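Notes follow once the structure below has been shown.
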Amino acid sequence: MRASQYYAPTLRQAPAEAEIPSHKLLVRGGFIRPLTSGVFTYLPLGLRVLRRVEQVVREEMNRAGAIEVFMAVLEPKELWERTGRWDSFQPQPLRTEDRTGRWFCLGPTHEEVITDLVARDVSSYKQLPLTLYQIQTKFRDEIRPRGGLIRVKEFTMKDAYSFDIDEAGLERSYQAMYAAYVRIFERLGLATLVVQAEAGSMGGSDTREFMCLNENGEDTVFMCDSCDYAANAECATSRVCEPDTLEDPGGAYEQIDTPGATTIQAISEMLGMPAQKMIKTLLYRVDDRFVAALVRGDRDLNEIKLQRATGAEELRMATAEEILGLTGAPVGFSGPVGLPDEVEIIADPEIEFLRNFVVGANEADAHLTGVNVGRDFEVSRYADLRQAAAGDPCPQCEAGKLQTRRGIEMGHIFKLGTKYSEALGALYTSEDGEQRPMVMGCYGIGVSRCVAAIVEEHHDEKGIAWPLTVAPFGVVILLLDPDNEELVAIADDLASQLEAAGYEVMIDDRDERPGVKFKDAELIGYPLSIVIGRKTAENGEVEVRRRRDTAEEVAPVAQAVARLQELAEDA
RNA sequence: CGGGGCGUGGCGCAGUUUGGUUAGCGCGUUUGACUGGGGGUCAAAAGGUCGCCGGUUCAAAUCCGGCCGCCCCGACCA
């Protein structure tokens, strides 16, 4: 390809709205252009990178035995109603209506479609196991797109779905995908950390996220500093340590005046007592009932965990009016003592080891001190409700402490079980003649997000440094003097040699000054380059460079391709 | 959805507080000349509904009201 004939507009300055490196560099380098919030156009260079990432994913999926299909973006409402997700999927899918008033959503995921497909065509255990996948555009009405390609409303995703006869089969399919993911991210040049995660709208039990640890990621990961425990903040937990000695419960609790102290911090300051000696009582509306969630004063409640613990479909904090109705007190003074019976009290396990603590009195401007579980109120059950915090003891090993890092979620694998196969009638006849639901798994990779992650991981102050596997062109030939026919001939000759050797080559033959070409090549991030200019050509030489470490050397024209290939080994 | 910021030629910005000729600057673009190994120099030129609608005023990029869009921080996801 000749740059003079190509469409790769670069910008000297990044648009003001871009903040993180991948966003700035992808726009500056002429890979993508914003269309509207969370929606981008791929320019030729960006499309090339996207296709290369897709190809790596495709090869590894095929190698793992998955079979490619291509499903429609439009998914009919009726199918989603059968799994109950038309109204419950979060975020709400983008929807559209045809001229007859029939509703569709722009597919945010394809469990319904694939399960329906397999339900129709597969009926025997002899046809299983089966793993199908596609690489396709997904739509999600993201509440807040951010970070260029990190989170967008329209993106390219690889989604795979496995169908097995039983849990043991699912385990094999799941492990095959796990292994494929490890290979994929390795080939993409992305160091990954596999973490425990929540299933969200997908449902299912065992789920793992493949994270690329990066400060511009949007997820928080907790990892142990001494063992391999790693979990997304949404489900990370910590070990509850029973203290060596427990305080003796004192006499009966006392009510004290705490005017205006509606926060733990305020009470803590007023009483000169640490927040660890207090209990936060959080009242939640859980479907059609109320629950009081108790966590230690210095802790935050994790709503996802509360939702899990209660099995709630919908969950929200009680309103001020509801709190007044339940406790007789305004917000800020709720406590577990004397709550109406219909309010279930669920407590975080840390509460069990607290003695003589402080709680709200269910009365305006008052708290209770010296309160004890069992004596003053009953906890209906204990469940992990607290948000883990950096420094907490590791739940998995004795010595470790948890630390937090930011991460980009590139892939997510789920064991779905029979949720979809039952809802959509994906049954098979077993060897003994019984009808059984297929046991499913699903496996996603954010392909376009991976492009952003690769840039986050592979760039410097000059621009991008693509790994050779995903580079839009593996080699750029900087033809510093495109009017010199001898040099043009050298460039053409080298280009055809390189192409014969399997490289894709961009010849920068634009009528630009050398500096412009050097800057653009570094911004765009070609892994390898050959510089052809008068200076070295006089000696029958060209310059050979590697972007990643700016290695550079001169080589005779005849040996340039061989030298480049040597550099490429490690590009 | 809550909080914050922004909207002025393709990109980056000044001007808005305190209304007042023809709306500036850098980069980019076009033409010409010189140049030619790290975003070069000189000269000339093109390119603007100052986000949109309405209001105040002799006069609005500037003041007021409404709306739209974009970005960032929080609660959700590949």
Side-chain angles (χ1 to χ4, degrees), chain A residues 9-20 23-24 27-28 30 33-39 57 89-93 108-109 135-160 181 197-202 207 209-212 217-220 232-234 300-304 307 315-317 387 408-414 442-453 462 478-484 487 511-523 531-537 542-543 545 552 554:
Chain A
T10 55
L11 280 82
R12 195 175 281 215
Q13 284 167 299
E17 71 268 14
E19 294 219 337
I20 66 173
H23 188 188
K24 287 183 183 174
V27 174
R28 279 192 60 207
R33 290 288 181 262
L35 178 61
T36 183
S37 180
V39 182
V57 172
F89 192 85
Q90 291 300 323
Q92 288 281 298
T109 181
I135 297 173
Q136 193 240 26
T137 303
K138 293 283 192 281
F139 295 83
R140 293 192 184 175
D141 193 3
E142 290 295 345
I143 305 157
R144 186 164 87 81
R146 64 170 287 272
L149 293 184
I150 297 273
R151 178 157 62 181
V152 288
K153 289 182 162 175
E154 180 178 338
F155 59 99
T156 303
M157 177 167 151
K158 185 284 299 176
D159 45 321
Y181 276 35
E198 275 293 328
S201 293
M202 233 48 88
T207 95
E209 288 172 341
F210 288 73
M211 290 282 185
C212 175
E218 54 191 346
D219 289 87
T220 300
N232 191 309
E234 65 199 14
D300 289 322
L301 178 85
N302 179 326
E303 283 192 5
I304 299 167
Q307 185 157 18
L315 173 143
R316 61 167 173 79
M317 291 195 82
Q387 180 67 55
I408 301 170
E409 180 190 351
M410 298 177 300
H412 199 159
I413 58 179
F414 305 75
C442 77
Y443 317 91
I445 289 180
V447 175
S448 43
R449 178 181 282 175
C450 284
V451 172
K462 294 175 178 173
L478 300 182
L479 187 51
L480 299 189
D481 185 359
D483 294 329
N484 183 319
L487 300 191
D511 182 22
E512 292 286 353
R513 295 174 64 85
V516 174
K517 297 186 184 183
F518 286 122
K519 293 287 186 195
D520 273 350
E522 283 158 349
L523 173 62
V531 184
I532 303 177
R534 276 199 205 107
K535 277 188 182 173
T536 50
V542 295
E543 208 171 298
R545 298 184 174 194
E552 61 177 88
V554 288

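Below, read A as the first sequence line, B as the second, and so on, with proteins coming before strands; counting in each chain starts at 1. Everything numeric here is computed off the predicted structure, so don't read it as measured data.
- Of the possible donor and acceptor atoms, none in the side chain of A:Arg449 sits under 3.5 Å from a partner among the backbone N and O of A:Met410.
- None of A:Arg140, A:Glu409, A:Glu218 except one satisfies the side-chain contact (heavy atoms from CB on, under 4.5 Å) rule with A:Arg151; the exception is A:Glu218.
- Here the separation of B:A61 from B:G54, taken at their P atoms, is 15 Å to the nearest Å.
- When both distances must be under 3.5 Å, the Watson-Crick or G-U wobble mate of B:G10 is B:C27.
- Listed nucleotides B:A75, B:U29, B:C76 differ in distance to A:Glu512; the shortest reach to its side chain belongs to B:U29.
- In this structure a side-chain-to-backbone donor-acceptor pair under 3.5 Å is present from A:Asn302 to A:Glu234.
- Taking atom C1' on both B:C11 and B:G55, the two are 34 Å apart, rounded to the nearest angstrom.
- We find that A:Lys519 and A:Glu512 are not joined by a salt bridge, their nearest charged nitrogen and carboxylate oxygen being 4.0 Å or further apart.
- The base of B:G69 lies outside donor-acceptor range of the side chain of A:Ser37, with no N or O pair under 3.5 Å.
- The phosphate of B:G28 has OP1 or OP2 within less than 4.0 Å of a side-chain N or O from A:Arg12.
- Side-chain N/O atoms of A:Thr109 include none lying less than 4.0 angstrom from OP1 or OP2 on B:A78.
- The main-chain N or O of A:Tyr443 is found under 3.5 Å from a side-chain atom of A:Lys158 such that the two form a donor-acceptor pair.
- Candidate nucleotides B:G37, B:C77, B:C1 were compared by shortest atom distance to the side chain of A:Ile143, and B:C1 ranks first.
- Closest contact between the side chain of A:Gln13 and the listed nucleotides B:G26, B:C71, B:C27 involves B:G26.
- Taking the 5.5 Å centre cut-off and the 30° plane limit, the aromatic side chain of A:Phe518 is not classed as stacked on B:G39.
- For A:Arg534, the CZ atom is loosely surrounded, since the number of other residues' heavy atoms within 6.0 Å does not exceed 12.
- When rounded to the nearest whole Å, the span between CG of A:Asp511 and P of B:U29 equals 11 Å.
- Distance from the side chain of A:Glu409 is smallest to B:A78 among B:C76, B:A78, B:C71.
- With B:G36, B:G39, B:C76 as the candidates, the nucleotide lying closest to the side chain of A:Glu142 is B:C76.
- Within the shown strands, B:A33 is the pairing partner of B:U41 under the Watson-Crick or G-U definition, both distances less than 3.5 Å.
- You'll find that the side chain of A:Glu234 is closest to B:C77, out of B:C11, B:G38, B:C77.
- The closest donor-acceptor contact from the side chain of A:Thr156 to the backbone of A:Gln136 lies at 3.5 Å or more, if one exists at all.
- Distance from the side chain of A:Arg513 is smallest to B:U35 among B:C11, B:U35, B:C73.
- With P as the reference atom, B:G28 and B:C77 are 46 Å apart, rounded to whole Å.
- Judged by distance alone, the side chains of A:Gln92 and A:Asp141 never bring a donor and an acceptor atom under 3.5 Å apart.
- For B:G48, there is no paired nucleotide, since no Watson-Crick or G-U wobble pair has both relevant distances below 3.5 Å.
- Between A:Arg545 and A:Glu543 a salt bridge is recorded (basic side-chain N to carboxylate O distance below 4.0 Å).
- Of the candidates B:G38, B:G37, B:C72, the closest approach to any side-chain atom of A:Glu19 belongs to B:C72.
- Taking the side chain of A:Thr10 as heavy atoms from C-beta on, and the options B:G74, B:C11, B:G39, the nearest nucleotide is B:G39.
- For A:Ala16, whose side chain is taken as the heavy atoms from C-beta onward, the closest listed nucleotide among B:G12, B:G37, B:C1 is B:G12.
- A sub-4.0 Å separation between OP1 or OP2 of B:C70 and a side-chain N or O of A:Thr36 is present.
- B:U8 and B:G48: their C1' atoms are spaced 8 Å apart (whole Å).
- With hydrogens and angles ignored, no donor-acceptor pair under 3.5 angstrom links the side chain of A:Arg28 to the base of B:G28.
- B:U30 and B:G69 have their C1' atoms separated by 32 Å, with the value rounded to a whole Å.
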Interface polar pairs with nucleotides 51-53 of chain B, N/O, under 3.5 angstrom:
none

